[in-house]
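See structure below.
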Amino acid sequence: MVVEADELQAELESKGELMLAVSEFEEPLEMHLHDTEINDDTVRIELTDGVLTFDVEEVVSMWHHTHSLADFGLED
């Protein structure tokens, strides 16, 4: 899957947050509209203890991240 910067930006704006699989990281990354900057070549995510920057071409997949009541032990 090839993800383009404009496609990534549009999905982030539409959903407010996204999960990413990035080839250089073992764990998926969560990005939010309020802490992420995307340009033609790079993604920049502001974290609580620093800034993470990686190339857009390293994104191998993206998906919308959701939570349920069961995730928090609040199901009926």
Side-chain angles (χ1 to χ4, degrees):
M1 171 181 199
V2 176
V3 177
E4 300 292 333
D6 57 345
E7 177 186 11
L8 191 58
Q9 182 69 43
E11 281 296 307
L12 181 59
E13 288 177 9
S14 170
K15 307 288 191 217
E17 67 179 37
L18 289 175
M19 297 298 291
L20 299 178
V22 179
S23 62
E24 58 189 281
F25 304 112
E26 289 185 30
E27 297 294 322
L29 302 174
E30 185 171 357
M31 64 181 197
H32 303 93
L33 190 56
H34 69 272
D35 62 13
T36 304
E37 292 179 24
I38 302 167
N39 66 39
D40 289 339
D41 300 318
T42 60
V43 176
R44 180 179 185 275
I45 303 173
E46 291 184 32
L47 304 170
T48 57
D49 59 352
V51 175
L52 181 62
T53 303
F54 52 91
D55 292 339
V56 170
E57 66 186 25
E58 298 299 322
V59 176
V60 294
S61 66
M62 66 178 165
W63 62 96
H64 184 224
H65 180 68
T66 61
H67 295 283
S68 69
L69 291 174
D71 292 342
F72 302 107
L74 301 171
E75 69 275 37
D76 290 332

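For this chain, numbers begin at 1 and follow the sequence in order.
The two residues Leu18 and Met62 come nearest to each other via the heavy atoms CD1-SD, 4.1 Å. Minimum interatomic distance between Pro28 and Met19 (heavy atoms only, all atoms of both residues): CB-CE, 3.9 Å. Scanning all heavy atoms of the two residues, the minimum distance from Ala5 to Ile38 falls at O-CG2, 3.8 Å. Across Lys15 and His64, no two heavy atoms sit closer than the pair CB-CD2, 3.5 Å. The minimum heavy-atom distance linking Asp40 with Val56 is given by the pair O-CG2, 4.2 Å. The two residues His32 and Leu12 make their nearest non-hydrogen contact at C-CD1, 3.9 Å.
Expressed to the nearest 0.5 Å, how far CD of Glu30 lies from CG of Leu47 amounts to 11.0 Å. Here Glu13 contributes atom CD and Leu8 contributes atom CG; the two are 10.5 Å apart, rounded to the nearest 0.5 Å.
A 4.5 Å side-chain heavy-atom check between Thr53 and Val43 finds every atom pair outside the cut-off. With contacts defined as side-chain heavy-atom distances shorter than 4.5 Å, the pair Val22/Val60 does not qualify.
In the hydrophobic clustering (ILVMFWY side chains linked at under 4.5 Å, chained through shared members), Leu69 is joined by Phe72, Leu74.
Note on Arg44 versus Glu46: salt bridge recorded, some NZ/NE/NH1/NH2 to OD/OE distance being below 4.0 Å.
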Can you check side chain to side chain contact (heavy atoms under 4.5 Å, CB included) on Trp63 and Leu20, steps first, answer last? CA-CA 7 Å; Trp63 62 96; Leu20 299 178; 5.9 Å; no

Apply the test side chain to side chain contact (heavy atoms under 4.5 Å, CB included) to residues Ile45 and Val51: give CA-CA distance (whole Å), side-chain angles for both, the deciding distance (0.1 Å), then the verdict. CA-CA 6 Å; Ile45 303 173; Val51 175; over 6 Å; no

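The salt bridge (charged side-chain N to carboxylate O under 4.0 Å, His left out) check on Glu4 picks up nothing, with sequence neighbours excluded.
Judged by distance alone, with hydrogens and angles left aside, the side-chain atoms of Asn39 form a donor-acceptor pair with the main-chain N or O of Asp41 at under 3.5 Å.
Few gaps surround CD on Glu75; more than 12 heavy atoms of other groups in view lie less than 6.0 Å from it.
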